[in-house]
Structures are given as structure tokens and as C-alpha cells.
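Here's the structure we're looking at; comments come further down.
Keep in mind that this is a model prediction, so the values were computed, not measured.
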Amino acid sequence: MMIAATGGRVPAPHTGTAPPYASCAPPGARHPVTVMSERIVDVFADLGYRVADGPEVEAEWFAFDALNMDKGHFARDRDHTFYVADPSDNGRGCGLVLRGHTSPVQIRRMLSSPPPIRMICTGRVFRPDPPDATHSPVFTQVEGLVVDRGLTMADLAGTLDHFASAVFGHGVVTRLRPHWFAYTEPSAEIDVVCAVCRGVPERACRTCSGAGWVEWGGCGMVHPRVLATCGVDPAEYGGFAFGVGVERTLMLKHGLDDIRALGETPLPEEPPGPPRPGTVRRAAGRALASAGYVETVTSPFVGTAAWDALGLAADDPRRRTLTLVNPLDADEPELRTTLLPGLLGALRRDVARGRTNLGLFEQGTVFTSPVLMARAPSVPTGARPGEADLRALRDLVPAQPYHLAAALAGEPRWAELIDAARTVAGASGDGLRLTTREGGPPPWLPGRCVALLAGPTVLGHAGQLSPDTVGAMDLPPGTSAMELDLDILERLTTPNSDDLREGERP
């Protein structure tokens, strides 16, 4: 169905048990896309929807076949979808793609749980669009799915009106225009009353060009064949689904006409909602923002130059990457295995603008590549596949851990990053105590870096970057960085994490 950051000073290290910096640090910030994504999730959580999650590198069957997209569907073209290369032949696909929409999460949810279903998911999606004012090869989507008896388009329309009013303001409504999507029937495009001029003709604005309405997303009743493929009887159950872009939602709400302004243009803060139980990801982001760090969002695409700058040896497992058949940039055909290349690149750009006393952080997926990758099975649609076929499809999808990384420019301050890691761990669960052990791999400087552990489990590393890496990336001497695996942290601190974030993970 569809970046830089402004930094602030991060104070001296703190060794107590309370979260450091909170009373004295200049305010940090979370990225507006993150904040809006969480706001949308909360709107639907209040309606009883469960949060779902799924892999960003996905099997073609989940991304296309199960969604009723035949072999000739335009979304399968290489100018619409990034294809992952077969390790034995970089010009040939291996049955995996970077998802172009979050709809595969709906398929996984229906296959794993019987109706009734009410789910909401947000996540990054990828399309081979060169960046411009209205397009980005990487953006964020939110999708909702409801499967139950007796659902109609009226239920969908009412849900969308509630959604629009909650996000854009009281009284903002939607309208549906007939459209065609392979996975819904009937289908519609969603228009929303212009949030800037509120649809008053004599107050025409550039957001809606005087029309009073703007396109927001797509929706429809789930196609019976999609339901049947997921093992849901379409004679007994119906469903509706909808999808909108989070960046587009922000642009419409604030009257922006350039997607590249997100993260650069200060936006009004969302009013705080009531306290809610959250995921480790949300707790980690809030903890670092409270500690004076500023969130940035960077591209997952990397190349050999990034690994050389980090000083990774030829046999370093972080060089064993997934490669794209059709990258946007021939010099960056690989998918990141660590957040550090993008984060340090963002830090370098901010330093070049004169922001030399910075604390940046990023959260996101990194991608692993199995040494041996199985061939994609041929699985029919129209009825639920057998368990052997589903297991083969799931096994094809590689592990995609969710990481958090932070970096500080300038004088050696790596002890502060150890404190930041402890802050994240403390915010993620009661009683978790991080310890350190000297040493770490490149790009950290030997003797000035540590492994971060919870009991015997290594969560990540923190320390000063090597002079070679600092020089190669044109960063100030003494720049330091930290990276944690939040999936491991979540398993340690939230035993029932699947109850908070449902869905199949790779």
C-alpha cells in the first residue's frame, strides 16, 4: 500500500544509578518522523490495535505473491523495487527484496494469528527513487489492518476520519476516491482536508493548491484471494487495510513542500500524551534525547569505501553484506551491517556546519548475510501454504538486528558514551546492570574502548575511534562512538516483548 540534526553539549560522565544529564543538559531531540510514528501507533493502540513488526529485507512471496501481485505487476519492475543479489551472481536476484511497502507485515500477521485481527505497523520502506523535493529512496510507512466478521467500507471510512482528526486536528476528515490496488477490492485513494487552510476556498494555500483536499494514502477492503492465501475464509471474514506515509503526513500537517526539510526545519513539538508502556526502542530514544543527544536518520546503503574508512579487515564479518542488484549508486550497492557509517557521516556534515560540540544518535535495522543462502521456493497462492513451504520462505530471510548507535565529536569523551549505554539499559528494564570489558574491534582505538555486557552477553562496544578512521571520515580528533544491539537488550529486559510488539521477526 503503499538529516541532519541540531546538536547540543553532552556533559561530563556520570557514574550514579539515576539517569545522567537530565537536569542540566541542553535539550536533545528525537527525529520528527520517529515522534509522528509513535503518535500514530498510540492513536490505534487506544482503539485496541496491536503493534506488528516485520523484516525490511523480505521474501518476494510475502512482498508480492501473497498480496495478489502477479508476475507482470508494475511494482516488480527494477525501477520500483530494490532486489537483493544472489551471492553467486550479483546480476541475478535471490528471491529477496527490500520491501517497498509494509504490507508484508499484514501477511505475516494473518498467517500467524486467527481473526479477529486489529494491527498497526510502522517501518521503513525502500524504492529506487532518486531523492528530490517529494521523493526519497527510503521513507517510513504506517499501515493498519482489521479482519473480522461483518466489516464494510463504512467501518474503514470511520476509522480514517478518526485517524485524520487525531493527527491533523479536530474536525479534519477524509474522503475516498475509487482506485485500483491488487490487494484490495474495492480500493480507494485517501484524501484529507488540507490541514493548513482547512479546506476554506478563499484561503487557498500552496499545500492543496486551493483544492481544499490533498492525497494522503491508499486503502480498501482486503481482496478475498489475499485472505484465502493467509488461511482466512473470505466467506466468513472480511477485512480492511490502509497505508499512509509518515513523512507525507508531517509535510501535510506543517505545510512543507520539500521532504528534505524534515530533520532540518524545526517543527512544533507534539503535545505529550498520557504515560504509556513502551518498547525498548522507544525507551532508548527517549533516554538519549533526555541526555542531550539528537536523533538523526541516515541511509542504509554503503560501499567498500565505508568499510575501508572503518579499518575493517578483508575477513571481518561486517564486510559480508547483502548486495543490491539495482542500487541507486554503483559505489554504494551494499546494505549496512552497522549503523556507524551513516551516523559518522551525519556527524561529519554537522561539524562542517560549525556544530562541533555534538551528541548524535540513530536507531535502525542492520542486515546480515548468511554464508549460504537457500534458493527461494516456488509457493502457490489462493490457499494457505503448507508449513514446509512457509518454513522455507521464512528461512530464506536473513537476520536483521535492530541497533542503536551514538557518537560525540571532538575531544575524547568516550566515557560519556558508556554512561549513555547505561542510561539506555536502565531505561529499558529494571535491574539491568551493564558492565565493561576492555577491548573492541575496529574502528575503535585499542586501549580506549570497551565491550558492553549484561552478564556474559555482549550488547555492543563504546570507545574512541582510531585516528585512521577519524582521518578517513574527516572528523575531529578524539571523536567517539557507541553501538548496541537493541534486540538482544529487549530479550534480556522484556521477557514478554512479543506481547508488546506482535509479528514475526526474521
Any sub-3.5 Å donor-acceptor pair from Glu143's side-chain atoms to Thr102's backbone N or O? yes
Can you list everything that forms a side-chain hydrogen bond (donor to acceptor under 3.5 Å, both in side chains) with Asp258? Sequence neighbours excluded, please. Arg260
Treating Ser466 as the side-chain partner and Thr469 as the backbone partner, does any N or O pair qualify as donor plus acceptor under 3.5 Å? yes
As an exercise, state the distance from NE2 of His403 to CG of Asp487, rounded to the nearest 0.5 Å. 7.5 Å
Taking only Lys NZ, Arg NE, NH1 and NH2, and the carboxylate oxygens of Asp or Glu, determine whether Arg248 and Glu215 approach each other closer than 4.0 Å. no
Calculate, to the nearest 0.5 Å, the distance between atoms OG1 and CG belonging to Thr337 and Leu312 respectively. 7.5 Å
For the pair Asp474 and Arg348, find out whether any cationic side-chain nitrogen is under 4.0 Å from an anionic carboxylate oxygen. no
Sidechain N-carboxylate O distance under 4.0 Å for Glu362, Arg336: yes
At what distance, to the nearest 0.5 angstrom, does CZ of Arg109 lie from SG of Cys121? 11.0 Å
Please determine whether a side-chain nitrogen of the Lys or Arg among Asp316 and Arg318 lies less than 4.0 Å from a carboxylate oxygen of the Asp or Glu. yes
Determine, for Phe44 and Arg118, whether the Lys NZ or Arg CZ falls below 6.0 Å from the six-membered ring centre while staying within 45 degrees of the axis. no
Is NZ or CZ of Arg124 both nearer than 6.0 Å to the six-membered ring centre of Phe139 and within 45° of the ring axis? no
Are side-chain heavy atoms of Val222 and Leu145 found at a separation under 4.5 Å? yes
Give a yes or no on whether the ring-centroid distance for His73 and Phe64 is below 6.0 angstrom. no
According to side-chain hydrogen bond (donor to acceptor under 3.5 Å, both in side chains), who are the partners of Asp257, at least two apart in sequence or on a separate chain? Arg206
Should the pair Asp53-Arg281 be classified as a salt bridge under the 4.0 Å nitrogen-to-oxygen rule? yes
Give the C-alpha distance, both sets of side-chain angles, the deciding distance and a yes or no for side chain to side chain donor-acceptor pair (under 3.5 Å) between Thr34 and Glu295. CA-CA 9 Å; Thr34 303; Glu295 185 175 18; 3.2 Å; yes
Residues Glu185 and Arg225 bridged, charged N to O under 4.0 Å: no
About how many Å separate CZ of Arg108 and CG of Leu111, when rounded to the nearest 0.5 Å? 9.0 Å
Sidechain-backbone polar pair: Trp444 side chain, Ala481 backbone, donor-acceptor under 3.5 Å: yes
If I take atom CG from residue Leu67 and atom CD1 from residue Ile107, how far apart are they, to the nearest 0.5 angstrom? 4.0 Å
Kindly determine whether Val232 and Val147 satisfy side-chain contact (heavy atoms from CB on, under 4.5 Å), including the steps that lead there. CA-CA 9 Å; Val232 177; Val147 179; 4.1 Å; yes
What residues, two or more places apart in sequence or in another chain, satisfy side-chain contact (heavy atoms from CB on, under 4.5 Å) together with Glu332? Phe301, Asp329
Look at Arg282 together with Asp42 and state whether they make a salt bridge at an N to O cut-off of under 4.0 Å. yes
Are Arg394 and Asp389 close enough, and set up right, to give a salt bridge (charged side-chain N to carboxylate O under 4.0 Å, His left out), and what steps lead you there? CA-CA 9 Å; Arg394 292 165 180 151; Asp389 281 338; over 6 Å; no
Checking Ser37 side chain against Val33 main chain: does a donor-acceptor pair fall under 3.5 Å? yes
Classify the ring geometry between Phe163 and Trp216 as parallel (under 30°), tilted (30 to 60°) or perpendicular (over 60°). tilted
Value rounded to 0.5 Å, distance of CG in Leu452 from CD in Glu483: 11.0 Å
